[in-house]
Amino acid sequence: MSTFLKNARMHRSLMIGGVLTLLLLSVAVLSLFWTPWSPTAIDIANKLKGPSAKHWLGTDHLGRDVLSMLMSGSQISIIVGFLAVSVGLLVGVALGALASTYRGWVEELIMRMSDFSIAFPIIITAVLLTAILGPGTVNSILAIGIFNIPIFARITRGAANAAWAREYVMAAQTCGKGRLRITIEHVLPNISGALIVQATILFAVAILAEAALSFLGLGTQPPEPSWGKMLNNAQTFVGLAPHLAIFPGLAIALSVLGLNLIGDGLRDVLDPKLARAR
Amino acid sequence: MLQVKNLNITLAGATRDISIVKDVSFELDAGRSLGVVGESGSGKSMTALAVMGLLPGAIRASGSINLAGQELLSLSEQEMCSVRGNKVAMIFQEPMTSLNPVQTIGRQVAEPLTLHKGMTRAAARQEAIRLLDRVGIPDAARRLDVYPHQLSGGQRQRVMIAIALSCSPKVLVADEPTTALDVTVQRQILDLLRELVSETRMALIIISHDLGVIGEMVDEMLVMYGGNVVERGQADKIFSQPAHPYTSRLLEAIPRFGMSRSERLKTIPGTMPEIGSEMKSCIFAGRCDLVCAECLQAPPPFVSVDDAHVAACIKAGRVMETAQ
């Protein structure tokens, strides 16, 4: 564990990603207790103002404080990202592990099903699902989560099949352990690194997808602030008040960048074979 | 106690079945050890995996493997799980990768005990200390919480042996247990195995391509070539008077201490026939000095040359005479 921490500190992109993500998390936590203004307070008299001492990041077309909206919007991004990844992780890892445990027709069935669902692009799947289930935060979580399932299933199966070929799994078999038990005790702990990396990267994808769905009006519904929603509203006024598009865009970009850097960094640190010579 | 009769191992191919191991038979009593030798691809590891019931994928075994009255080949996967690790155990060639890197060795040694013997965790832990101590891990109680990467290769092989021994198996299969170790450690591990066999009365099957390893520690020997047993008998007799030309050539190929530098190591010219090729002649005919017309007409039957010493060669008698 100590070598893990040491390697992590040595890794620049992991550090930068960590700082960005920590920032995102602390802003979200802070916004639970305090925002400069109420994110839903309308003040038409001060609409579309640029950044000032009173409103640090300016106001939108209804005079709402952009900084406050961004801050509480981060909650939605994190919740959607976390839950969508959890749905994908739980169901996807279970399916992938089953496929590699029992092989044969079980594996064929699960993998062909995931091929089928992977063939649809994420946004189309999400639009399709929210069109059926109706727009809203919960449904966008479900839509993005369902999209994550085949990705996790594929990765789990691939990594698990590789682990099944390892000698210690063979040795566990000679001890008389059942296949399911070997998967849980020996295979999954040994592929957790790959899964953690994938979860971080899909977290970023989920934040992006949530913003996209809200932008299309299928995700989070007003008055709840969300970054995608803010971008959508900014469209009309982008010539008049460009800060309305710039700040939410920046927030999305930095969050996604931070998570991706963490993912890349973790992949390097968790896989000793890729560790750079120091 | 362990009886293997007419064991055939085949790989189901697209057009026809490919035979990997043909008609292997042997018997092994408690407290005895059997060495299986042969070059790579001779089917020795497949035979071992068949005893463990761990043949990969499309490979099937037929014939009979009888362990103390229980027919292993007819057991379901679930029934086989209660035999593996409990009545038959196995250790592998690569101690570096045969232990799970993310679990402590204590947990890995204790596991079969909780699994097969229904021990509590605490009892299994105590037993694990005793086992690690027995296989010569110094300061076993403290080593319990160590991860595999903190041990040397020889120590890891000792841990593997402790795991294999945990449920006092009737048969221990050791597939090239010392190949990955250096010579001094190799010797220690072999000595340990020999001690354990006489102590626990288990039967040991040891697989190796190294006649030096096998020769000094087993009672009986099985020489395999191209998926066939070519010679079977007591180890010392085979060593002093091999009856099959292949065994004889193998023995000549062992480098000896004190050989002069100019002397070239003897080799066996040619290569083994490809696996699955249908042989209408003796499989060794292509590489044999003594080959005659009769050798090419039909695979040779087993010729009994001595008490419990057989060789698949029609000229077995002559081979024995020429052996020094």
Side-chain angles (χ1 to χ4, degrees), chain A residues 1-7 93 97-108 111 156-157 159-197 266 269-275, chain B residues 45 48-49 51-58 77-103 105 107-117 147-149 156-157 159-161 163-167 169 171-175 180:
Chain A
M1 208 58 198
S2 58
T3 49
F4 170 79
L5 287 176
K6 208 171 108 202
N7 288 350
V93 168
L98 274 181
S100 102
T101 304
Y102 294 112
R103 308 304 278 268
W105 66 267
V106 180
E107 184 177 27
E108 284 300 313
M111 286 305 119
T156 308
R157 168 188 162 266
N161 281 356
W164 267 101
R166 301 294 299 269
E167 287 87 347
Y168 56 80
V169 171
M170 181 71 130
Q173 280 179 282
T174 64
C175 288
K177 279 187 215 167
R179 292 185 71 86
L180 195 60
R181 192 164 162 178
I182 290 178
T183 294
I184 293 166
E185 286 179 8
H186 295 273
V187 174
L188 286 182
N190 276 296
I191 64 168
S192 58
L195 296 178
I196 290 170
V197 171
L266 280 180
V269 175
L270 290 176
D271 187 350
K273 271 172 283 179
L274 287 175
Chain B
S45 289
L49 288 177
V51 172
M52 295 301 298
L54 282 176
L55 288 172
E77 173 60 23
Q78 210 168 4
E79 289 166 323
M80 197 60 210
C81 274
S82 66
V83 172
R84 258 183 238 134
N86 193 12
K87 292 179 181 162
V88 290
M90 184 163 181
I91 54 178
F92 295 88
Q93 185 171 355
E94 262 301 336
M96 303 315 248
T97 50
S98 301
L99 291 165
N100 186 340
V102 303
Q103 284 183 3
I105 61 165
R107 186 165 164 208
Q108 296 185 57
V109 177
E111 191 107 57
L113 293 167
T114 49
L115 190 70
H116 294 297
K117 299 283 178 225
Y147 286 90
H149 72 270
R156 283 187 224 184
Q157 194 60 293
V159 173
M160 285 303 297
I161 295 174
I163 295 175
L165 284 180
S166 56
C167 291
V171 178
L172 176 64
V173 181
D175 188 358

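Residue numbers begin at 1 in each chain, while the letters A, B, ... track the order of the sequences. Since the model is a prediction, treat every value here as computed from it, not as a measurement. We use all heavy atoms of the structure for the numbers below, so side chains are in, but hydrogens, waters and symmetry mates are not.
- For the residue pair B/V102 and A/P189, the shortest heavy atom distance occurs at CG2-CB, 3.7 Å.
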Can you pull every donor-acceptor pair closer than 3.5 Å across chain A and chain B?
residue, atom, partner, partner atom, Å
A/E167, OE1, B/T97, OG1, 3.0
A/Y168, N, B/T97, O, 3.1
A/T174, O, B/G85, N, 2.8
A/C175, O, B/H116, NE2, 2.6
A/G176, N, B/R84, O, 3.4
A/K177, NZ, B/E111, OE1, 3.0
A/R181, NH2, B/E111, OE2, 2.9
A/E185, O, B/Q103, NE2, 3.1
A/H186, ND1, B/N100, ND2, 2.8
A/N190, ND2, B/N100, OD1, 2.7

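- Interface remark: B/V88 contributes backbone atoms only to the contact with chain A (heavy atom separation under 4.5 Å).
- Only the side chain of B/L49 comes within contact range of chain A, with heavy atoms under 4.5 Å apart.
- In this structure, chain A has no heavy atom under 4.5 Å from any part of B/M80.
- With a 4.5 Å cut-off on non-hydrogen atoms, B/I163 touches chain A through its side chain but not through its backbone.
- Every residue two or more places apart in sequence or in another chain that forms a side-chain contact (heavy atoms from CB on, under 4.5 Å) with A/A159 is listed here: A/I191.
- Only the side chain of B/M52 has a heavy atom closer than 4.5 Å to any heavy atom of chain A.
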